[in-house]
Every structure is written in structure tokens, then in C-alpha cells.
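The figures here come from the full heavy-atom set of this structure, side chains too, leaving out hydrogens, waters and symmetry mates. In what follows, chains carry the letters A, B, and so on, assigned in the order in which the sequence lines appear, proteins first and then strands, with residues in each chain numbered from 1.
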Amino acid sequence: MTTVKLPDGSLKEFDSAVSVKDVAKSIGSRLAKDALWGEIDLQPVELDYEIPQGEPVNLKIITKKDPNALETMRHSCAHVMARAVMRIKPGVQLAFGPTIDGGFYYDVECDEPLTEEDFPAIEKEMAKIIALDEPFERLDRPRADAIQVCKDLKQDFKVEHIETGLADDDSLSFYQQGEFLDLCRGPHIPSPRRIGAFKLLSIAGAYWKGDQSREQLQRLYATAFFTQAELDAHLELLEEAKKRDHRVLGKRLGLFHIDEMVGQGLVLWTPKGSFVRQKLQDFISEHLQRQGYDQVFTPHIGKLDLYKTSGHFPYYQDSQYTPLVDREYLSQLAEEGCTCGELSNLMNEGEIEGYLLKPMNCPHHIRLFASEQRSYRDLPVRLSEFGTVYRWEQSGEIGGLTRVRGFTQDDAHLFVTQEQLGQELIGCIELVKIIFGAMGMEDYTVRVGLRDPDSSKYVGDPANWDLAEQACREAAQTLGKDFSEDPGEAAFYGPKIDFVVKDCIGRKWQLGTVQVDYNLPERFGLEYIGSDNKPHRPIMIHRAPFGSMERFIGVLIEHFAGSFPLWLAPEQGRILTVSDKSEEYGKRVESQMRNAGIRVKGDYRSEKLGAKIRDGQLEMIPYMMIVGPRDAENGTVSIRDRIDGDLGAIPVEEAIAKFQSEVADKTVRRKSS
RNA sequence: GCUGCUGUAGCUCAGUGGUAGAGCGCGUCCUUGGUAAGGACGAGGUCAUGGGUUCAAAUCCCAUCAGCAGCUCCA
């Protein structure tokens, strides 16, 4: 008699010996077909495994749909990969080999570095190992033995990990497959045959335990699926995503240019890109005006004293462009016999005069606030500026529009009373909501950064912090969207709310941010006169709903896959003549539409219509207006939509009205497929 | 910043020690065609930069600059 207990708690009894597959069959033919393996008391077993008779056993039948199935298989595949690498390159040191979104990796250290040229050999070896069909066998060892096992294997990273990372574990598990033995928590698939299709993807450096001061290992990225079809689909998806990359589209659509001669991470906006950026600025400016913001302009540099007061210099000088040192001051130092080394030391200590390219806008805005005496009646003061800032980002970090060295924040600083804080935070969130809403961006996450209760690095009164944190929570709630609360993620000067989106290859980027600041008002000694006729310290809010124009537009290009909504599109429509005979009519329509405020261009080349359409489509022109003799006769344009194709002939006035209403509504249209 | 890969025509790329190629784009001409590529001819390259090895370097070596992937970082 065999008794199994299924995950839902139900018991099933069988008169004779049965296999996992038999149980699956008894539940349903579909399940029997989809079953990959079984799990008895959390231990994976093959489908033909005969279930022990007697006492009831807990059985779970694993199918593809099981959220852990793919992960388990991939992890086993990681073992196979590590084993293959060890066979090919003797003396390999293994580190960690977890699964990740879309695949898995294994960190290794080899005497001679692996390159992508080794991939075919590794994949071939993996196929051989899988064909051997040796099971993954679990071995549990007491702590001391485990360390000795790893020492015998000459796996120093594993030894260190047991001694430090797993210091609290008394017993450790290993998995053995043939000659390959690895410290591993498991679980694994019952047989390597369950590894369907796999592929090595890339290789890159990674620090041991993520610590820059430790050994740098080689990280082998790979992926695996149960079927070749799924793998192919996944790889195709990756290819598709690459085509959406804003760096590729930015070049193809001529939106921006980054020039070697100008400098790394410094964006040159082309006319088309500038247009999009300007439209976005106009859009947000309109809402700023409604919320009672005042627009200001401030210069791109400021005296070092300003940043010494704010605390940014010399503290953050590693991420700033080198200061512009006063010529006179420099020659004075030279006369005193100051060497380059000494100059550098002066800079490190902040004991130097000169100017800094502004790394943020707040100090300038603060000085504007402080330039007048303020009464509580004046508050909140909201100063906004599309302020360009410069930061010396690490060279390896820079790329495209998402991480640059010069960028323009849609910045503003609000000077508020404690009582006003909550309401003003809600106003800031409102702006973010407006932006994401207008773009049809729903796929973003919200993080509320709170202080770490165990740390003393924070400035400001803890009671006020509690109020500010609560205000942030309440503001975030107005989004009507889930948000995470992350203790320890606050800045030292105040709690914050961040908005994060993913790019086309899954990297996360912070866009908008709203931050409360108790520090800078203190450092600059800001005051306003309260109703009690006494001076009070305002609280500052830093906020940038787009984050930076560069990063936002980078993400936006990918979000729209280059197809901007009509109101943002640099070229909204293009007149295509069927033949040279219609050029005159085409130009008439062109000027008519342009006079109506529509951004159109004409394609009057002696090309075939098909070629012109293809070009317009590839340039992602929202609408093409085809004009031929028939249209000239009827005063129409034959309109072609980039999404829905041919819409037929309509009068020019009607086309204009269609454009205008779509622009007014800021309609976001996407391919429905 | 670190590790690895890459840098050839405006773009995408081929060329692996013997003096530079393709497709697209661009220009001219032909073609006058109604919804995703009509045809012909032509122009265009200090092979990223600077050194080195060699009789000879786009090709091999070193450095620098830049790009890509990942790691680390991001007030």
C-alpha cells in the first residue's frame, strides 16, 4: 500500500507500488504529460521513481508552471557548466553560481582567463556531461568536515565562505555529480536530462563578494530552458530588446550625439532631440506654473566657498570635475613655491580658492532664498530651474543618455515650514504622476527611503524625521500604487521618495526623486520670520520629477521604441508625392499644414512611393500624407498611419483637425498587438 | 575605477603580415511609378591615436583615447 499526501493536503492511496508518474496519471492525463519530476519530502526524484510503501509521503509533482522549476533546473545547469569549465581549465577556483532573472551565472577564477572563444568547448563539454546522465547526489557534512572537504578540493573561496558567510551553520550540504563536488544548498533536478536547451551568453568581471577591494573573478553568464523553442524565443526577445536600445535608436533617428572630441558623457542634442527635450520642458513648465513655482536661472559655476558651506567640497570631490582655480591665486601659490603635489593636497583638504562646475543646483537656489528677508507669509517658496550640473562619474559607468557627466535636472527647491511639508510633498508627487500618466508609463516602482534606526549619521531632530518620514509615506500613498519602504536608504539629510524604471535590457534607473532636507538650511543658516516675530528654520524639499532630461529621454525613447506620440514627435507628418507631377500640390499642402502649426516635411524625391513609405516608416513618422493626381483634384491627402497603415483619402482640413486634436489630447498610441 | 571584448567609408560590417572591400546611405543621370526597397554610373577611407617589432603592419606587441558587457560607485 502506497499513500501520498499532495500539496493541497489531500491523501491518495494505491494498492500496489506506484511511481511518481503513476500518481500524476491518476490525477490527470494533462498533469502526467506536463510533469517534469517529483519532489518527495522536498527531495527531487525522477518520474519513474518508485514511491516507498507504508507511511504516507509528501509528494509534489513539478511542472514547468512551478515557479521554482526553471530556477532549479538552471541551477543544476550552472553546476554542469562549472564542471565543464573545470574539465577544460584545470585549477579553477569556484565562487558563487546562483540563478538570476533570465538565466544563471557562475563566478570562477582561472589561471589563464576564459574568453568567449572558450564557449563552444565549454558548451560541448556540458553536452557530454548531460549525456552521461549522472544524478546530483546530496551529501551532508558537519561543519569541520565541510571545511576539510573544501580544503581537499583546493576551493579557497568555498572555505572562506563556510568560515565567514555560513558561520552559523553546523551542517553543510554538498552536491556531487561524477567527479564534481560542490558546496551547495540545492535543490537540484533529479537528472541532468531535465536540462533542455542551454547557451553561454557572456563573460565579465565581478568582485568576490561584491567587494571592490577583493579578488576580481570571471563571471560566466548563461541561460537554460526546458525546450530549444523556449531558448530561441528568449534569445529573440533579447535581440528585439537591443533594437529598442536608446543608443541605437538615438543614432538611427538622429536624436542626440556624443562626441569623442567633446568628451565622455557629454551629450550634444541634435535639432530633433532638442525639440523633444524642449517639448517636455514646456509640458512640465505649464504644470509648475499651476502649482505656483517660480522659474529662476543660475550660472553653471560657483565659488568653492559656496560648496565648502554646503559641505560638498572637498567631501565629494572624487565625483566632481576638478575645480577651476583662480589664475591670480595660482600664480601666488607658484611664487610661494607650491608644487603640483602640494596643490593636490590643498585640494584634498579643500584649502583652495577657485570655482567649481556646479554638481547640483541647490546651493545657488539657497543663496537666492537667502537674498531676501522671508516671512512665513512668503512660504512656501518654490524655485525651479532646468539646471545643468556636472559630475565626474567613473568612466566605466558612463553610457548613452542614462549615465552622463553633464545633465540637466528639472530641478526645484521648496522652502517650507514643518506644517507645509506634507502638502508640498503631495504636490511634488502629483507632478510625477502627471508625467508618468502623460507618457503612459505604468511600469515603474516607488521607493520610500527611510533612515536606518541603528545609525547616527543623520542630521536633524529625530522627532522631525518621524514627521517627515510619515509625510513621505502619505505622499507616496497618493499615487495609488504599491511602494517599498527601505530603511537605511534615506540620505543623511532627510528621507526621500524615488521613482525607478527599467531600461530595455533590464537595468534599473532612478528617474524622479523627492527629498526632504534638514541639513542645508542648517548649514546656510536659512531663516524666515514666523508669526511669532521670531526667526525659524525652513525645511527644504529637493525634487526633480523627470530626474534628468537626459536620462528621462533615454528611457522615454525605449519606452516608445522611438515612436513618440504626436505631440512629442519632431516630425509629425510627411508629405509623400506619388510622382513629380504632384510636387506643386504637395508643397501647397505642406505649407497649409505648417501654417496650421503642424510639423511637416515633404519627400519630393523621384523615388517610388513604396520606397518613400518605407523610409518614413523606418524614421517612425507618425503620419504620412500621400498626394497624387487624385488628391490634387479632390483637395485631399491619402493618410497613412505608422501603426494602422492606409487610412484612405480625407480633405486636408480634416487631416489638420485630426492632428490638432491628437496633439491637444497628448494621445499615446501603441501597437495593439 | 576594475576585468574582458571591440574600434576599418556617413551607418552596419567583411578583410589575420604583401599596400582596402560589401551592403545601405550620399551625388548625378535614367525612370513618373497610389501604400515597406526601380535602374545605371560615380564620389567617399591618415584602417581610433601614439610608439614598437618587421624588408613589409589594418593585421603582431605596448600605451593612450573611445565604445560595449558585467562588477563597483552614484551627494
Side-chain angles (χ1 to χ4, degrees), chain A residues 100 105 107 109 113-118 201-221 242 245 247-248 251-252 254 257-265 307 310-313 315-320 359-360 362-363 389 391-400 402-405 407 491-494 496 498 505 507 509-510 513 515 517 519-520 542 548 551 576-583 604-619 624-631 637-642 644-649:
Chain A
I100 49 172
Y105 67 77
D107 284 348
E109 187 180 63
L114 290 165
T115 70
E116 289 192 17
E117 283 167 22
D118 296 315
L201 297 176
S202 64
I203 193 161
Y207 300 105
W208 167 235
K209 297 219 165 178
D211 184 343
Q212 207 173 355
S213 65
R214 297 297 307 268
E215 296 87 336
Q216 188 158 25
L217 313 167
Q218 288 193 291
R219 180 166 294 178
L220 265 172
Y221 284 91
K242 273 188 200 157
D245 191 314
R247 292 165 295 192
V248 175
K251 181 169 269 183
R252 216 186 82 209
H257 170 66
I258 295 170
D259 193 274
E260 258 189 55
M261 218 182 229
V262 174
Q264 209 185 357
Y307 300 101
S310 72
H312 293 108
F313 189 85
Y315 198 61
Y316 289 109
Q317 66 171 321
D318 283 352
S319 41
Q320 288 159 5
M360 78 287 305
C362 6
V389 298
R391 298 183 187 177
W392 190 258
E393 303 287 358
Q394 296 190 134
S395 64
E397 271 311 325
I398 294 169
T402 39
R403 193 81 181 263
V404 290
R405 281 186 173 157
F407 55 97
F492 73 91
Y493 49 76
K496 60 176 181 172
D498 287 333
I505 48 177
R507 287 182 292 210
W509 298 102
Q510 183 199 303
T513 183
Q515 309 184 355
D517 188 346
N519 179 48
L520 287 175
H542 310 250
S548 84
R551 182 176 287 179
L576 310 185
T577 45
V578 171
S579 78
D580 293 350
K581 289 173 192 145
S582 307
E583 183 167 341
Y604 305 119
R605 293 174 301 164
S606 298
E607 283 292 345
K608 285 194 159 183
L609 182 60
K612 295 186 189 184
I613 287 174
R614 182 169 191 272
D615 291 342
Q617 203 73 36
L618 291 176
E619 286 180 60
M624 286 180 254
M625 272 79 61
I626 290 142
V627 294
R630 291 204 296 266
D631 297 289
V637 291
S638 298
I639 197 156
R640 187 191 159 93
D641 178 79
R642 87 183 138 189
D644 296 330
D646 190 0
L647 300 182

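- Comparing B:rU8 with B:rU19, their C1' atoms sit 15 Å apart, to the nearest whole Å.
- Taking OG1 of A:Thr577 as the reference point, atom CE of A:Met625 lies at 12.5 Å (rounded to 0.5 Å).
- Rounding to whole angstrom units, CG of residue A:Leu220 and C1' of B:rC71 are separated by 14 Å.
- The pairing partner recorded for B:rA22 is B:rU12, the criterion being a Watson-Crick or G-U wobble arrangement whose two distances lie under 3.5 angstrom.
- Nucleotide B:rU31 holds its P atom 12 Å from the NZ atom of A:Lys581, rounded to whole Å.
- Within 4.0 Å (heavy atoms only), A:Tyr315 reaches no atom of the nucleic acid at all.
- Nearest to the side-chain atoms of A:Pro359 among the listed nucleotides B:rG34, B:rA75, B:rA66 stands B:rA75.
- When both pairing distances are held under 3.5 Å, B:rC41 makes a Watson-Crick or G-U pair with B:rG27.
- Between A:Asp118 atom CG and B:rC5 atom P there is a gap of 11 Å when expressed in whole angstrom units.
- Atom CD in A:Gln212 sits roughly 17 Å away from atom P in B:rG70 (whole-Å rounding).
- Candidate nucleotides B:rG34, B:rA75, B:rA69 were compared by shortest atom distance to the side chain of A:Val578, and B:rG34 ranks first.
- Under 3.5 Å, the side chain of A:Arg403 and the base of B:rC73 form at least one donor-acceptor pair of N or O atoms.
- Under the Watson-Crick or G-U wobble criterion, with both distances below 3.5 Å, B:rA58 has no partner in any strand shown.
- Rounded to whole Å, the C1' atom of B:rU53 lies 27 Å from the corresponding atom of B:rA14.
- B:rU46 and B:rC29 are spaced 28 Å apart, taking the P atom of each and rounding to whole Å.
- Judged by atom type and distance alone, A:Ser202 does not reach the base of B:rG70 through any side-chain donor-acceptor pair under 3.5 Å.
- Checked for salt-bridge contact, A:Asp211 and A:Lys209 miss the test: no charged N lies under 4.0 Å from a carboxylate O.
- Looking at A:Leu576, A:Ile613, A:Leu647 one by one, the single match for side chain to side chain contact (heavy atoms under 4.5 Å, CB included) with A:Arg640 turns out to be A:Ile613.
- The distance from the OH atom of A:Tyr307 to the CE atom of A:Met360 is 7.0 Å, given to the nearest 0.5 Å.
- Of the possible polar contacts, none joining the A:Glu116 side chain to the A:Ser202 backbone as a donor-acceptor pair under 3.5 Å is found.
- Nearest nucleotide to the A:Gln320 side chain, out of B:rU35, B:rA75, B:rA66: B:rA75.
- Contact of A:Tyr207 with B:rG70 (side chain to base): no donor-acceptor pair of N or O atoms is detected under 3.5 Å.
- Remark: B:rG34 base-pairs with no nucleotide in the shown strands. Criterion, Watson-Crick or G-U wobble with two distances under 3.5 Å.
- One interatomic measurement links the two molecules: CG of A:Asp580 to C1' of B:rG34, which rounds to 15 Å at whole-angstrom precision.
- Comparing B:rA36, B:rG4, B:rG38 by their nearest atom to the side chain of A:Arg640 picks out B:rA36.
- Contact annotation: the side chain of A:Ser582 never approaches that of A:Asp631 to less than 4.5 Å [non-hydrogen atoms, C-beta and beyond].
- B:rC73 sits 33 Å from B:rC61 when the C1' atoms are compared, rounded to a whole Å.
- Look at A:Arg507 and you'll find a side-chain N or O under 4.0 angstrom from OP1 or OP2 of B:rA69.
- Note: CD (A:Glu116) to P (B:rC68) measures 16 Å, nearest angstrom.
- OP1 or OP2 of B:rC73 has not a single side-chain nitrogen or oxygen of A:Arg391 nearer than 4.0 Å.
- Looking only at distances, a side-chain donor or acceptor of A:Arg391 sits under 3.5 Å from a matching main-chain atom of A:Pro359.
- Looking at A:Asp646, its side chain has no donor and acceptor atom pair within 3.5 Å of the base of B:rG34.
- Comparing B:rA48 with B:rG42, their C1' atoms sit 28 Å apart, to the nearest whole Å.
- The distance from atom CZ of A:Arg219 to atom P of B:rC71 is 6 Å, rounded to the nearest whole Å.
- Comparing atom distances between the A:Ile505 side chain and each of B:rG70, B:rU35, B:rC65 picks out B:rG70 as nearest.
- Residue A:Arg614 places its side chain closer to B:rA36 than to any other of B:rG34, B:rG38, B:rA36.
- Positionally, the nearest nucleotide of RNA chain B for A:Leu618 lies more toward the 5' end than for the other of A:Leu618 and A:Lys496.
- At a threshold of 4.0 angstrom between heavy atoms, the contacts of A:Ser310 with the nucleic acid are absent.
- Comparing B:rC47 with B:rU32, their C1' atoms sit 42 Å apart, to the nearest whole Å.
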Margin query: Can you build the contact string for nucleotides 8-16 of chain B? Use B for base contact, S for sugar-phosphate-only contact, and - for no protein heavy atom under 4.0 Å.
Written below: ---SS----
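- B:rA20 sits 13 Å from B:rA57 when the P atoms are compared, rounded to a whole Å.
- Atom pair A:Met360:CE and B:rA75:P shows a separation of 10 Å (rounding to whole Å applied).
- The OH atom of A:Tyr207 sits 4.5 Å away from the CD atom of A:Gln212 when rounded to the nearest 0.5 Å.
- The closest donor-acceptor contact from the side chain of A:Asp615 to the backbone of A:Lys612 lies at 3.5 Å or more, if one exists at all.
- Taking atom C1' on both B:rG27 and B:rG44, the two are 10 Å apart, rounded to the nearest angstrom.
- For the pair A:Ala206 and A:Glu117, both in contact range of RNA chain B, the more 5′-proximal nearest nucleotide belongs to A:Glu117.
- If you check every strand for non-hydrogen atoms under 4.0 Å, A:Gly610 touches sugar and phosphate atoms only.
- A:Gln320 places no side-chain N or O within 3.5 Å of a backbone atom of A:Phe313 that could act as its donor or acceptor partner.
- Here the side chain of A:Arg405 pairs no donor or acceptor atom with the backbone of A:Ile398 at under 3.5 angstrom.
- With a cut-off of 3.5 Å on both pairing distances, the Watson-Crick or G-U wobble partner of B:rU64 is B:rA48.
- With hydrogens and angles ignored, no donor-acceptor pair closer than 3.5 Å exists between the side chain of A:Arg247 and the base of B:rC68.
- Note on A:Gln264: a side-chain N or O is less than 4.0 Å away from OP1 or OP2 of B:rA66.
- The pairing partner recorded for B:rC71 is B:rG1, the criterion being a Watson-Crick or G-U wobble arrangement whose two distances lie under 3.5 angstrom.
- Comparing B:rA75, B:rU35, B:rC73 against the side chain of A:Gln394 picks out B:rC73 as the nearest.
- Distances shown here put every side-chain N or O of A:Arg605 at or beyond 4.0 Å from the OP1 or OP2 atom of B:rG33.
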